[in-house]
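To start, the structure under review is shown below, and the notes come after it.
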Amino acid sequence: MSDARAAAEKADEKSADRLTTLSDGIFAIAMTLLVLDLHVEPGLDKDAFTDAVRQALPDLGAYALSFTILAGFWRDHRLIVRLVPRFEGVALRFALMWLGAIALVPFPTALLSEYAARPLAVAVYAGMVAVTNLLELAMFLTGRRQTEHATEASRTEVGRAVTADLASTAALFAATVPVAYLVSPPAAMWCWLALVPVKLTLTHRKRATARRHGRAS
């Protein structure tokens with residue numbers, strides 16, 4: 001019995017390692033692709049160079065925003081894999097869809113940098129962030145229901161903190177979609193900035209809860 005349990009735990013570790021390796025590769029590619037739109041043509045005179053740098057500022061802003069969001073998803077994924085060390089069946093399908101959404105991030109980022117004044121571009125970006133959060137939440141919840149693989153921490157305060165963080169972030173970004181159409185695209189983007197302290201508070205709560213649980217264990 002102990003040999004069978006040890007073999008199962010070893011299989012769980014390999015499953016987590018494979019998913020982590022795949023996700024790290026996709027994150028690295030997505031983060032690198034964000035940089036491709038950042039360039040200034042060579043050979044410009046002083047005035048043209050100044051204008052080119054000024055025109056590149058929206059691209060830099062979109063890059064910084066998307067890189068920060070991707071970094072947040074990456075940190076969340078590292079915690080989720082510790083809570084649910086093995087994904088299979090429906091949970092694995094959600095994990096693959098989530099990674100597909102991560103790989104797609106450079107596209108709405110390019111839309112935002114070029115067409116930030118258009119509601120559709122802002123709505124696509126906000127919708128992308130909301131859907132990606134929901135897919136990660138679905139991956140976590142379905143994996144947690146597989147009781148033979150989920151850890152006890154996934155069902156305690158740590159798991160509830162992860163769920164609250166992902167669900168609230170998805171809801172807040174989704175709420176800015178109508179703002180882009182009914183008010184203005186800049187108003188929706190300012191709302192994203194207003195979400196930063198909310199996200200930081202939720203992240204701090206999640207990390208503090210994970211640390212407390214780790215000490216208790």
Side-chain angles (χ1 to χ4, degrees), residues 26-27 29-40 48 50-77 79-80 94 97-141 160-208:
I26 291 176
F27 272 101
I29 293 172
M31 288 174 167
T32 302
L33 290 176
L34 295 176
V35 187
L36 296 183
D37 289 332
L38 302 177
H39 66 278
V40 175
T50 301
D51 290 340
V53 171
R54 187 180 299 112
Q55 292 173 7
L57 291 179
D59 295 338
L60 286 169
Y63 162 78
L65 175 64
S66 292
F67 190 92
T68 302
I69 288 174
L70 285 175
F73 281 128
W74 182 79
R75 288 195 305 268
D76 288 342
H77 174 67
L79 175 58
I80 288 174
F94 275 126
M97 286 189 289
W98 174 72
L99 289 174
I102 293 296
L104 191 63
V105 168
F107 171 66
T109 302
L111 285 182
L112 188 67
S113 64
E114 295 294 335
Y115 301 101
R118 299 188 181 182
L120 180 59
V122 175
V124 167
Y125 192 92
M128 177 274 300
V129 177
V131 169
T132 307
N133 272 278
L134 290 176
L135 287 172
E136 190 172 27
L137 177 60
M139 174 184 70
F140 172 64
L141 293 179
R160 289 193 291 272
V162 171
T163 301
D165 185 11
L166 294 174
S168 60
T169 303
L172 291 170
F173 269 91
T176 64
V177 173
V179 173
Y181 284 97
L182 300 177
V183 184
S184 69
M189 289 186 284
W190 279 112
C191 288
W192 298 345
L193 294 179
L195 297 178
V196 171
V198 177
K199 182 68 174 177
L200 289 176
T201 301
L202 291 171
T203 300
H204 175 73
R205 173 192 167 195
K206 184 170 54 181
R207 290 179 180 176

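Keep in mind the model is a prediction, meaning the values are calculated, not measured. Heavy-atom basis, side chains included; hydrogens, waters and symmetry copies ignored.
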Name every donor-acceptor pair, under 3.5 Å, that has one atom in a side chain of residues 53-64 and the other anywhere in the protein, sequence neighbours excluded.
residue, atom, partner, partner atom, Å
Arg54, NH1, Asp51, OD1, 2.8
Asp59, OD1, Ser113, OG, 3.2

Show me the donor-acceptor pairs within less than 3.5 Å that the side chains of residues 121-141 make with the rest of the protein, sequence neighbours left out.
residue, atom, partner, partner atom, Å
Tyr125, OH, Ser66, OG, 2.7
Thr132, OG1, Met128, O, 2.7
Asn133, ND2, Val129, O, 2.8

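Across all their heavy atoms, Ala117 and Pro185 have their closest contact at O-CG, 3.3 Å. Between Pro119 and Ala180 the shortest heavy-atom distance is CB-O, 3.6 Å.
Rounded to the nearest 0.5 Å, atoms NE2 (His77) and CZ (Phe73) are 12.5 Å apart. Rounding to the nearest 0.5 angstrom, the gap separating the OG atom in Ser184 from the CH2 atom in Trp190 is 11.5 Å.
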side-chain contact (heavy atoms from CB on, under 4.5 Å) assessment of Leu120 paired with Tyr181: CA-CA 8 Å; Leu120 180 59; Tyr181 284 97; 3.5 Å; yes

Evaluation steps, side-chain contact (heavy atoms from CB on, under 4.5 Å), between Val105 and Ile69: CA-CA 10 Å; Val105 168; Ile69 288 174; over 6 Å; no

Criterion side-chain contact (heavy atoms from CB on, under 4.5 Å) on Leu65 and Met189, from CA distance to verdict: CA-CA 10 Å; Leu65 175 64; Met189 289 186 284; over 6 Å; no

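Proximity of Leu166 to Ile80: side-chain heavy atoms (C-beta onward) are separated by under 4.5 Å at one or more points.
Every pair tested for side-chain hydrogen bond (donor to acceptor under 3.5 Å, both in side chains) that includes a residue from residues 99-108 fails, sequence neighbours excluded, so the list is empty.
Judged as a side chain to side chain donor-acceptor pair (under 3.5 Å), and not counting sequence neighbours, the contacts of Thr176 are Trp192. Taking the side-chain contact (heavy atoms from CB on, under 4.5 Å) definition, one finds that Ala103 meets it with Ile26, sequence neighbours left out. With sequence neighbours left out, Leu33 forms a side-chain contact (heavy atoms from CB on, under 4.5 Å) with Ile29, Leu36, Pro106.
The 12-atom threshold is not exceeded at CZ of Phe107, counting heavy atoms of other residues, nucleotides or ligands nearer than 6.0 Å.
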